[in-house]
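Numbers here simply count residues along the sequence, with the first being 1.
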Amino acid sequence: MQNKRKLRHLSTHELSAELFRVYGISVSAMTISRVERGNVISSDKLFAIASFLEINLTEFTSSFPTVK
């Protein structure tokens, strides 16, 4: 996800603002940073980020650690 964000020349703060503008969903820059490190977030925020950055959800979630 971080690569896609950087390809668009967006900071985490700018992505946060764009997610609110486009989807009306509040995702803080800190949450975006946490997602990029593999932390889990709510599904509505996950879908908004993936959709905005045009990331296939399978590709997006494959980088997350597996829960055992």
*Asks:* Can you find a pair of side-chain heavy atoms, one from L53 and one from L15, that are under 4.5 Å apart?
*Replies:*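 L53 reaches L15 side chain to side chain.
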*Asks:* Looking only at heavy atoms, which two atoms of A29 and T12 are closest? And how far apart?
*Replies:* CB-OG1, 3.5 Å
*Asks:* Measure the spacing between OG of S16 and CZ of R21 and express it to the nearest 0.5 Å.
*Replies:* 12.5 Å
*Asks:* Under a 4.5 Å cut-off applied to non-hydrogen side-chain atoms, are F20 and I25 in contact?
*Replies:* no
*Asks:* With a 4.5 Å heavy-atom cut-off, do I32 and L19 have their side chains touching?
*Replies:* yes
*Asks:* Given side chains that start at C-beta, do those of E18 and H13 come closer than 4.5 Å, heavy atoms only?
*Replies:* no
*Asks:* Test of understanding: clusters of I, L, V, M, F, W, Y form through side-chain heavy atoms closer than 4.5 Å, transitively. Do V35 and V22 belong to the same one?
*Replies:*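 The answer is yes; both residues are in one hydrophobic cluster.
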*Asks:* Could you tell me the separation between the OH atom of Y23 and the CD1 atom of I49, rounded to the nearest 0.5 Å?
*Replies:* 10.5 Å
*Asks:* Hey, does M1 have a side-chain heavy atom less than 4.5 Å from the side chain of K4?
*Replies:*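 No, their side chains stay 4.5 Å or more apart.
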*Asks:* Is it true that E36 and R5 make a salt bridge, defined as a side-chain N closer than 4.0 Å to a carboxylate O?
*Replies:* yes
